[in-house]
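Heads up: the structure comes next, in structure tokens.
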Amino acid sequence: MNINSIDAVIFDLDGVITDTAHYHFLAWKQLAEELGIHIDKEFNERLKGVSRIDSLELILQEGNREKDFTLIEKEAMASKKNEHYCEFLKKLTPKDILPGILDLISDIKAEGLSIGLASVSRNAGTVLKALDLESVFDFCADASKISKSKPDPEIFLTACKGLNAIPHRSIGIEDAGAGVSAIKSAGMYAIGVGSTLKKADYLVNTTEELNWNEIKDAFYNWCLENKI
């Protein structure tokens, strides 16, 4: 099997390209405290890969306040959280790209493969610009292009469509369980960054361990096992 068997590699953003998860946590924590709700880093794990409004619903449920607000009020709160988050994003620079990611992207690009982004963040463009990575991605699927959040496969299927890529010939990289589930549901090969993501086809502890040659070999073996 040759390299042409791979159509595209699609990255999640937060926790894979850069770690803005902490900024999300600080922004949500600030909003939650204004509502009299306490959340910690353990709770924040439940918000990874989840859309803004769905994350708010989880926080309101945590404080037993999900029925206290109208949809319009909830949308206003979600927007307020985003304002907090955007303030934190002003600190982001190319130095915040996670270890190993630039080398991985370079190796993929060297073989002429398409690279996509699948992020439910509405600030994906702002983050890529801050990291000086706007030109790297051939297509970006974000919250503005989908109606269903992860673990629904829509965002990865949208990215594949935008790249003219066949899902089962494409690779997705995620750091959240909901994201890995979305990749698998899309029929793609799932790479998980984080030791707890047992449903991933290929697992590493950190982005620094992402090795393109090893990923290719594992993907080709997966194709043979599944007769793809």
Could you go step by step and tell me if K80 and E34 meet the salt bridge (charged side-chain N to carboxylate O under 4.0 Å, His left out) rule? CA-CA 11 Å; K80 188 172 184 180; E34 292 169 5; 3.0 Å; yes
Just verifying a value: how many Å separate D54 CG and L56 CG, rounded to the nearest 0.5 Å? 9.5 Å
Between E45 and K41, does a salt bridge (charged side-chain N to carboxylate O under 4.0 Å, His left out) hold up when you go through it step by step? CA-CA 7 Å; E45 291 297 310; K41 290 184 177 180; over 6 Å; no
So ring pair (Phe, Tyr, Trp, His ring centres under 6.0 Å) across residues 91-119, not counting sequence neighbours, yields none
Does the side chain of R169 reach to within under 4.5 Å of the side chain of I6, using non-hydrogen atoms? no
Heavy-atom closest contact (L128 atom, F137 atom, distance): CD2-CE1, 3.7 Å
Sequence neighbours excluded - ring pair (Phe, Tyr, Trp, His ring centres under 6.0 Å) pairs with any residue from residues 165-192: Y189-F219, Y189-W222
Looking at A182 and K150, what are the two nearest heavy atoms and their distance? CB-CG, 4.2 Å
Point-to-point distance, once rounded to the nearest 0.5 Å, from CG of N221 to CG of D201: 11.5 Å
Restricting to non-hydrogen atoms, name the atom on A159 and the atom on I10 that form the minimum distance, rounded to 0.1 Å. CB-CD1, 3.7 Å
Same cluster or not: are I17 and V9 linked, directly or through other Ile, Leu, Val, Met, Phe, Trp or Tyr residues, by side-chain heavy atoms under 4.5 angstrom apart? yes
Hydrophobic cluster identity match, I37 and I53, side-chain contacts under 4.5 Å: yes
With no hydrogens and no angle check, is any side-chain donor or acceptor of N44 less than 3.5 Å from a backbone partner on D40? no
Is L35 linked to L47 within one hydrophobic cluster, defined over Ile, Leu, Val, Met, Phe, Trp and Tyr using a side-chain heavy-atom separation of less than 4.5 Å? yes
P167 versus L157, closest heavy-atom pair with distance: CG-CD2, 3.9 Å
Where do D7 and S170 land on the side-chain hydrogen bond (donor to acceptor under 3.5 Å, both in side chains) test, with the steps shown first? CA-CA 5 Å; D7 279 1; S170 301; 4.9 Å; no
Minimum heavy-atom distance between T207 and P99, given as atom pair plus value: OG1-O, 2.7 Å
Single-linkage hydrophobic cluster, 4.5 Å side-chain cutoff, I101 and L133 together: yes
With a 4.5 Å cut-off on side-chain heavy atoms, are I173 and D12 touching? no
Side-chain polar contacts of residues 89-96 - donor-acceptor pairs under 3.5 angstrom, sequence neighbours left out - could you list them?
unit_1, atom_1, unit_2, atom_2, d
K90, NZ, E87, OE2, 3.0
T93, OG1, K95, N, 3.2
D96, OD2, T93, N, 2.9

Could you tell me whether the side chain of K109 reaches within less than 4.5 Å of the side chain of D138, counting heavy atoms only? yes
Identify the two heavy atoms, one from K184 and one from A190, that lie closest to each other, and give their separation to 0.1 Å. CD-CB, 3.7 Å
Rounded to the nearest 0.5 Å, what separation is found between the CD atom of E73 and the CG atom of L71? 10.0 Å
Quick one: does I97's side chain get under 4.5 Å of T18's, heavy atoms only? no
So NZ of K81 and CG of L26: to nearest 0.5 Å the spacing works out to 10.5 Å
Is the shortest side-chain heavy-atom distance between I183 and E174 below 4.5 Å? yes
Begin with the C-alpha distance, continue with both residues' side-chain angles, and end with the deciding distance and a verdict on side-chain contact (heavy atoms from CB on, under 4.5 Å) for M188 and I171. CA-CA 6 Å; M188 300 166 60; I171 297 170; 5.9 Å; no
Interatomic distance, CD1@I146 vs CG@D152, rounded to 0.5 Å, equals 8.0 Å
Step through the shown structure and confirm whether more than 12 heavy atoms of other residues, nucleotides or ligands are within 6.0 Å of CG on N226. yes
Side-chain donor-acceptor distances from residues 113-127 under 3.5 Å, at least two apart:
unit_1, atom_1, unit_2, atom_2, d
S119, OG, S121, N, 3.1
S121, OG, N123, N, 3.0
N123, ND2, N82, OD1, 2.6

Would you kindly check if the NZ (Lys) or CZ (Arg) of K145 is within the cone defined by 45 degrees around the ring axis of F139 and under 6.0 Å from the six-membered ring centre? yes
How would you list, by chain and number, every residue that makes a salt bridge (Lys or Arg N to Asp or Glu O under 4.0 Å) with K74, sequence neighbours excluded? E57
ILVMFWY network linking L13 to I108, side-chain heavy atoms under 4.5 angstrom: yes
Expected output: side-chain E209 to main-chain N205 donor-acceptor under 3.5 Å: yes
Would you find a donor on one side and an acceptor on the other, under 3.5 Å apart, between the side chain of T158 and the backbone of E154? yes
Selection residues 24-57 - residue pairs positive for ring pair (Phe, Tyr, Trp, His ring centres under 6.0 Å), sequence neighbours left out: H24-Y85
Mind checking the CG-NE2 spacing from D14 to H22? Nearest 0.5 Å is all I need. 13.5 Å
Are any non-hydrogen side-chain atoms of F156 and K161 less than 4.5 angstrom apart? no
Assess the residue pair L104 and I215 against the criterion (side-chain contact (heavy atoms from CB on, under 4.5 Å)); give the C-alpha distance rounded to whole Å, side-chain angles, the decisive distance to 0.1 Å, and a yes or no. CA-CA 10 Å; L104 178 63; I215 290 171; 4.2 Å; yes
